[in-house]
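Residue numbers run from 1 in the order of the sequence given. Note: hydrogens, waters and symmetry copies are ignored here, and every other heavy atom, side chains too, is used.
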Amino acid sequence: MSKHFKIGVISDTHGFLDPQVKKLFRGVDHILHAGDIGPPHIVMELEEIAPVTAVMGNTDFDIDVRETESVTLSGRNILVHHIVSLPTPAPAIRDRIISTRPDLVVFGHTHQAFSQTLNHTLYLNPGYSGRRKMHTRRSVAIVEISGDKTDFSFLSLDS
């Protein structure tokens with residue numbers, strides 16, 4: 001588990017995969033998409049970069065992904081779900097978090113980059129990554145795991 005492991009985190013593409021994402025995610029070992037994907041070709045394009053774990057968002061209807069996914073990457077238990085309202089998530093997702101005790105919860109929906117650690121769990125929203133909209137900052141995130149250390153950074157798509 002001492003291998004350096006890099007995860008690309010994206011959400012709220014809404015049918016548009018910014019060309020910068022391929023460059024920003026170059027070298028990642030896995031990609032997490034936290035919903036509001038759009039058509040299935042978005043996931044297929046991401047899979048050209050690295051394996052993908054994706055979940056359904058509240059605007060996704062014709063895509064074959066689940067509402068919630070749990071994945072273990074480089075020894076970290078990660079839960080991915082589109083809407084996680086903090087500090088008190090909805091009962092179903094709150095119960096899932098309590099029962100699985102993830103190291104990391106990845107979510108989207110708010111279109112704002114966000115991170116907070118609560119009860120030893122890092123909650124991370126990479127922000128909105130769809131088409132440019134006035135007054136909406138666009139971003140993705142990178143999570144880097146090395147040994148027992150987990151770091152993350154937000155990367156702007158507006159440059």
Evaluate the criterion side-chain contact (heavy atoms from CB on, under 4.5 Å) for residue pair Phe25 and Ile10; output intermediate values, then yes/no.
CA-CA 10 Å; Phe25 283 2; Ile10 190 167; 4.2 Å; yes
Show the nearest heavy-atom pair for residues Ala141 and Pro126, with the distance to one decimal.
N-CB, 3.8 Å
In this structure, CD of Glu48 is separated from NZ of Lys22 (nearest 0.5 Å) by 5.0 Å
Spacing of CG belonging to Leu104 relative to CZ belonging to Arg76, to within rounding of 0.5 Å
9.5 Å
For Ser129, does its backbone N or O pair with a side-chain atom of Asp12 as donor and acceptor, under 3.5 Å?
no
Has the side chain of His81 got a donor or acceptor atom that lies under 3.5 Å from a matching backbone atom of Glu67?
yes
Run the side-chain contact (heavy atoms from CB on, under 4.5 Å) test on Phe114 and Leu86 for me, step by step, so that the C-alpha distance in whole Å, both residues' side-chain angles and the decisive distance to 0.1 Å come before the verdict.
CA-CA 11 Å; Phe114 173 87; Leu86 294 175; 3.5 Å; yes
If we count only N and O atoms by modelled type, under 3.5 Å, do the side chains of Asn125 and Thr110 hold a donor and an acceptor together?
yes
Check for a donor-acceptor pair, side chain of Thr121 on one end and backbone N or O of Pro102 on the other, with a separation under 3.5 Å.
yes
Any side-chain donor-acceptor pair under 3.5 Å between His111 and Thr136?
no
Heavy-atom donor-acceptor pair, Asp36 side chain to Thr59 backbone, under 3.5 Å:
yes
So does Leu32 get a backbone contact from the side chain of Thr53, meaning a donor-acceptor N/O pair under 3.5 Å?
no
Might you confirm whether atom CG of Asp62 has over 12 heavy atoms from other residues, nucleotides or ligands at distances under 6.0 Å?
no
Polar side-chain atom of Asp60 near backbone of Ile37 as donor-acceptor pair, under 3.5 Å:
yes
So how far is it from Ser11 OG to His82 NE2, rounded to the nearest 0.5 Å?
5.5 Å
Can you tell which of Val106, Asp29, Ile145 makes a side-chain contact (heavy atoms from CB on, under 4.5 Å) with Ile7?
Ile145
Going only through I, L, V, M, F, W and Y residues with side-chain contacts under 4.5 Å, is there a path from Val84 to Val143?
no
Passes side-chain contact (heavy atoms from CB on, under 4.5 Å), Leu46 versus Val21? Steps please.
CA-CA 9 Å; Leu46 289 170; Val21 171; 4.1 Å; yes
Treating Ile, Leu, Val, Met, Phe, Trp and Tyr as nodes and any side-chain heavy-atom pair under 4.5 angstrom as an edge, say whether Val65 and Ile93 lie in one connected cluster.
no
Drop me the distance from Leu79's CG to Ser70's OG, to the nearest 0.5 angstrom.
4.5 Å
Evaluation steps, side-chain contact (heavy atoms from CB on, under 4.5 Å), between Phe154 and Leu124
CA-CA 10 Å; Phe154 295 110; Leu124 181 68; 3.7 Å; yes
If we check side-chain contact (heavy atoms from CB on, under 4.5 Å) with Val43, which of these qualifies: Leu17, Asp64, Val52, Ile31?
Val52
Identify the residue among Ile142, Leu157, Ile49 that makes a side-chain contact (heavy atoms from CB on, under 4.5 Å) with Leu24.
Leu157
Nearest atoms (heavy-atom pairs only) where Gly38 meets Ile63
O-CD1, 3.7 Å
Under the 3.5 angstrom rule, does the side chain of Asn77 hit a backbone N or O of Asp103 as a donor-acceptor pair?
no
Are Asp158 and Arg132 close enough, and set up right, to give a salt bridge (charged side-chain N to carboxylate O under 4.0 Å, His left out), and what steps lead you there?
CA-CA 8 Å; Asp158 290 325; Arg132 290 186 194 278; 3.3 Å; yes
What's the spacing between His14 NE2 and Arg131 CZ if we round to 0.5 Å?
12.0 Å
Relative to each other, are the rings of Tyr123 and Phe107 parallel, tilted or perpendicular (30° and 60° limits)?
perpendicular
Looking only at heavy atoms, the pair that brings Val28 and Ala50 closest together is O-CB, 3.6 Å
So do Phe152 and Val9 actually touch side chain to side chain, heavy atoms under 4.5 Å?
no
Over 12 non-hydrogen atoms of neighbours within 6.0 angstrom of CZ in Arg94:
yes
Judged by atom type as modelled, is there a donor-acceptor pair below 3.5 Å linking the side chain of Arg138 to the main-chain atoms of Gly130?
yes
Quick one: pull up NZ in Lys149 and NE2 in His4 and give me the separation to the nearest 0.5 Å.
10.5 Å
